[in-house]
Amino acid sequence: MTATIIDGKAFAARIRGEVAEHVARLKEAHSITPGLAVVLVGEDPASQVYVRNKHAQTLEAGMESFEHRLPADTPEADLLDLVARLNADPAVHGILVQLPLPGHVDAEKVINAIDPAKDVDGFHISNVGLLGTGQKAMVPCTPLGCLMMLRDHLGSLSGLEAVVIGRSNIVGKPMAQLLLGDSCTVTVAHSRTRDLPGVVRRADIVVAAVGRPEMVEGDWIKPGATVIDVGINRVDAPEKGEGKTRLVGDCDFESCAAVAGAITPVPGGVGPMTIACLLANTLTACCRANGLPEPEGLTA
Ligand code: NDP
């Protein structure tokens with residue numbers, strides 16, 4: 001069997017298009033423009049790239065983008081002041097504080113200072129609790145993107161066996177909650193799981209969020225299963241020339257694609273969905289703040 005490749009790049013473009021259409025309708029009918037504030041502290045190169053992409057895609061969707069770039073030695077109190085100002089600003093519907101934060105800042109304290117209704121990353125403890133109890137929450141972007149791809153590819157997920165590898169707060173745990181919300185039978189595996197290949201072999205849906213290059217092998221995959229590879233790992237690529245690198249996922253793509261029914265590639269799978277879902281969450285937050293109906297198909 002050769003797997004269908006789930007094209008996250010194309011799917012993300014479709015989501016961004018739907019968001020942009022909805023934003024245009026909001027402007028037209030209600031004179032409301034959704035606004036996203038992104039806060040970057042310090043000079044982390046990867047974070048700078050993410051923030052640049054978020055800014056560009058926010059503007060492309062017709063939203064307002066407010067960038068706040070602060071020096072690495074910004075005191076925690078100043079950051080908390082900025083968050084308080086953004087919480088109070090009616091033009092700001094979504095607030096994202098780019099992680100990681102410098103070591104002298106308590107990231108949890110800052111995240112939990114964000115108004116949960118504007119917490120478009122879905123990391124605030126209130127949103128974690130709402131998601132865990134099956135209530136309307138702001139949902140973390142990467143797992144939301146994975147859920148959208150699974151629904152798009154499989155339709156109903158009800159009754160399917162899902163194995164999530166990884167139990168982080170930003171991917172593994174919220175992913176498991178979302179799959180449970182869609183009535184999957186969910187197993188969360190991690191570094192202490194005994195017989196990981198045996199656990200993964202049960203799965204109709206595998207979500208790998210580990211951070212270990214090409215760890216999941218084809219003979220772990222149940223024939224026909226849907227494999228969502230969240231991992232982004234940079235490895236040496238001597239075949240491309242000295243010192244060159246390439247990105248790979250947590251799944252060994254060739255061997256998994258030979259057995260799976262469908263699989264997301266790396267790059268071009270889950271990655272592009274994350275920012276698309278950030279825009280979708282900002283739109284959702286804006287609609288909720290204004291008592292307007294939420295966009296269909298863009299929330300959990
Ligand atoms: P974390 O490092 O926070 O969590 C990794 C998880 O994998 C942990 O729960 C850990 O278990 C588990 N793990 C580690 N080794 C093994 C192993 N040998 N067998 C089974 N489980 C193992 O990572 P994140 O969740 O933040 O990210 C995971 C991957 O997803 C990374 O590659 C990251 O770059 C990528 N990512 C991609 C995004 C995107 O937009 N596409 C967004 C976010 C992340 P334990 O808890 O026991 O230590």
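Numbering of ligands and ligand atoms starts at 1, following listing order. Because the structure is predicted, anything quoted here is derived from the model rather than measured.
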**Request:** Considering heavy atoms of the protein only, find what lies nearest to atom 13 (N) of ligand 1 and give residue, atom and distance to 0.1 Å.
**Result:** Val210 CG1, 3.5 Å
**Asked** Can a non-hydrogen atom of Met215 be found less than 4.0 Å from any atom of ligand 1?
**Response** yes
**Request:** Please identify which atoms of ligand 1 are closer than 4.0 Å to at least one heavy atom of Val270.
**Result:** 41 (N)
**Prompt:** Between Lys222 and Glu161, does at least one N-O distance fall below 4.0 Å, as a salt bridge requires?
**Reply:** no
**Request:** Please state whether Gly271 comes within less than 4.0 angstrom of ligand 1, counting heavy atoms only.
**Result:** yes
**Check: Ile125 main-chain N/O paired with Asn112 side-chain donor or acceptor under 3.5 Å** = yes
**Prompt:** Side chain, backbone, both or neither: which part of Arg212 comes within less than 4.0 Å of ligand 1 when only heavy atoms are counted?
**Reply:** side chain
**Item:** Carboxylate-amine/guanidinium proximity below 4.0 Å for Lys244 and Glu242
**Value:** no
**Item:** Exercise: identify the closest heavy-atom pair between Ala91 and Phe66
**Value:** O-CE1, 3.6 Å
**Message:** Just to be sure I'm reading this right: ignoring hydrogens, which of Ala46, Pro140, Cys146, Ser168 gets closest to atom 25 (O) of ligand 1? Compare them by their nearest heavy atoms.
**Reply:** Ser168
**Message:** Just to confirm my output: which protein heavy-atom neighbour is closest to atom 42 (C) of ligand 1, and how far is it?
**Reply:** Thr142 OG1, 3.3 Å
**Request:** For Met273 and Gly8, work out which heavy atoms get closest and say how close.
**Result:** SD-O, 4.0 Å
**Request:** Considering heavy atoms of the protein only, find what lies nearest to atom 44 (C) of ligand 1 and give residue, atom and distance to 0.1 Å.
**Result:** Val171 CG2, 3.9 Å
**Prompt:** Does any donor atom in the side chain of Ser255 or Asp252 lie under 3.5 Å from an acceptor atom in the other side chain?
**Reply:** yes
**Asked** Among all protein non-hydrogen atoms, which one is nearest to atom 48 (O) of ligand 1, and what is the separation to 0.1 Å?
**Response** Ser191 OG, 3.6 Å
**Prompt:** Is any N or O atom of Thr274, backbone or side chain, closer than 3.5 Å to an N or O atom of ligand 1?
**Reply:** yes
**Request:** Provide the closest heavy-atom pair for Ala208 versus Asp250 in the form atom of the first, atom of the second, distance.
**Result:** O-OD2, 3.6 Å
**Request:** Starting from atom 29 (C) of ligand 1, find the nearest protein heavy-atom neighbour and note its residue, name and distance.
**Result:** Gly211 N, 3.7 Å
**Prompt:** Taking atom types as modelled, is there a side-chain donor on His93 or Thr282 under 3.5 Å from an acceptor on the other?
**Reply:** no
**Asked** Can you check whether Asp219's main-chain N or O pairs, donor with acceptor, with Arg201's side chain at less than 3.5 Å?
**Response** yes
**Request:** Write out the residue and atom name of the closest protein heavy atom to atom 26 (O) of ligand 1, then the distance separating them to 0.1 Å.
**Result:** Ile170 CD1, 3.6 Å
**Salt-bridge contact Glu294-Lys136 (side-chain N to carboxylate O under 4.0 Å)** = yes
**Asked** Salt bridge or not for Arg14 and Asp7, using N-O below 4.0 Å?
**Response** no
**Message:** I need the contact type for Val230 against ligand 1. Using non-hydrogen atoms and a strict under-4.0 Å cut-off, is it side chain, backbone, both or neither?
**Reply:** both
**Message:** Are Val164 and Leu154 linked, directly or through intermediate hydrophobic residues, by side-chain heavy-atom contacts shorter than 4.5 Å (ILVMFWY only)?
**Reply:** yes
**Complete:** min-distance protein heavy atom vs atom 21 (N) of ligand 1 -> His190 C, 3.2 Å
**Request:** Mark up the atoms of ligand 1 that fall under 4.0 Å of a heavy atom belonging to Gly166, in ascending order.
**Result:** 6 (C), 7 (O), 9 (O)
**Asked** If you measure from each non-hydrogen atom of Leu196 to ligand 1, which part falls under 4.0 Å: side chain, backbone, both or neither?
**Response** side chain
**Request:** Among all protein heavy atoms, pick out the one at the shortest distance from atom 9 (O) of ligand 1; state its residue, atom name and that distance to 0.1 Å.
**Result:** Arg167 N, 2.8 Å
**Request:** Give the contacting part of Ile232 toward ligand 1: side chain, backbone, both or neither, where contact means a heavy-atom distance below 4.0 Å.
**Result:** both
**Prompt:** Does Ala209 have a non-hydrogen atom less than 4.0 Å from ligand 1?
**Reply:** yes
